[in-house]
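Quick notes on the structure that follows.
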Amino acid sequence: MEQQRAYIINIITVVFVIISITFLWKGGEESILGLKGSGDESEETSVKEIVVKGGELVTPGPLLSENPSYKNVLSAATLTSEGIVSETNVRRTANTKSNLTLSAKLSQSAQAKANDILEAQYFDHVSPDGVTVGSLVAEAGYEYIRVGENLALGGFTSEADVVNAWMNSEGHKANILDGSYSDIGIGIAQGRYKGQLVVVIVQHFGRPRSACPAVNDTLRQEIVAGQNSLYSLSNSLTSLKAEIDQKKANGEDVLALTDKYNSGVDNYNAQYSAISTKSRSYNAQVDSFNTCISK
């Protein structure tokens, strides 16, 4: 009986060894790992786009003064930026809008526009060279979500006279009472326009980009670099897997290659998880920004 039991145990041991050797000979094929995100990398590691990249421009038609003094008198010696801002805020307060703050950068862009109108002898929101209010405020260093421009040209007797003229025009009035703006800049230039002595007044309105949550562009660049790295690593692993399959088909030992493949998969999956985490963080920032500007 003892001899039979020992014989059975020896048979079981031999069978186990044969199975183990067979598994190793096949190169441990059952131990080959899979890549995370297979088929949906673009969704898990993608980055969203912000709704407004350059910002929104609001430019109602330029306003020519109907004041008779436009024909023969320059009556703008007492016009001041502070006075026009004050008159503008009076209208906003009367319409339950918050006061605008005088911005040095927007005043720089507005003054550049006023000067250019007289120098280039045109009266439009776009210069003969194609320069817009967006170009001017960007050159002045004002990063914006939304900017607007009011233009007036002619003879005006006071700051109230200028603002009243804008308020009598629906497009200009809409800019003055736009609740999304927080900043304003004023430009005033005096000189000749088509032979007549005139004054040009420019209002630049702005809602700065800083009014909405920041979006970390450095994080976006890291995600894009990570995506490129994942793509390269995935191609390498695909090639290695094909080599393993070919060697197995030829009856060769692929255990070492399988270990190398699995190590590469571990590296890929770790990178994939890190990029996915960064993508979720970045996309949450974009969602917050887009929600802010949609209001």
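Here, residue 1 is the first one in the sequence, and each next residue gets the next number.
Looking only at atom types and distance, the side chain of Asn175 has a donor-acceptor partner in the side chain of Tyr181 under 3.5 Å away.
Annotation: Glu143, atom CD; neighbour count of heavy atoms from other residues, nucleotides and ligands within 6.0 Å does not exceed 12. Annotation: Tyr122, atom OH; neighbour count of heavy atoms from other residues, nucleotides and ligands within 6.0 Å is above 12. Heavy-atom contacts from other residues, nucleotides or ligands closer than 6.0 Å to CD of Glu139 number 12 or fewer.
In this structure, the side chain of Gln203 does not engage the main chain of Ala152 through any donor-acceptor pair within 3.5 Å. Gln285 places a side-chain N or O within donor-acceptor distance of the main-chain N or O of Asn216, the cut-off being under 3.5 Å. No side-chain donor-acceptor contact under 3.5 Å links Ser229 to the backbone of Ala225. Within the 3.5 Å criterion, the main-chain N or O of Asn228 finds no donor-acceptor partner in the side chain of Ser232. For the pair Ser109 (side chain) and Leu106 (backbone), a donor-acceptor distance under 3.5 Å is present.
Just one of Ile184, Thr88, Asn95, Leu100 meets the side chain to side chain contact (heavy atoms under 4.5 Å, CB included) condition when paired with Ile176; it is Thr88.
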Could you please spell out the steps behind the side-chain hydrogen bond (donor to acceptor under 3.5 Å, both in side chains) verdict for Thr80 and Glu159? CA-CA 7 Å; Thr80 65; Glu159 290 94 347; 3.0 Å; yes
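A salt bridge links Asp178 to Arg146: at least one charged side-chain nitrogen sits closer than 4.0 Å to a carboxylate oxygen. A salt bridge links Glu252 to Lys247: at least one charged side-chain nitrogen sits closer than 4.0 Å to a carboxylate oxygen.
With a 4.5 Å cut-off on side-chain heavy atoms, Val199 and Ile188 count as touching.
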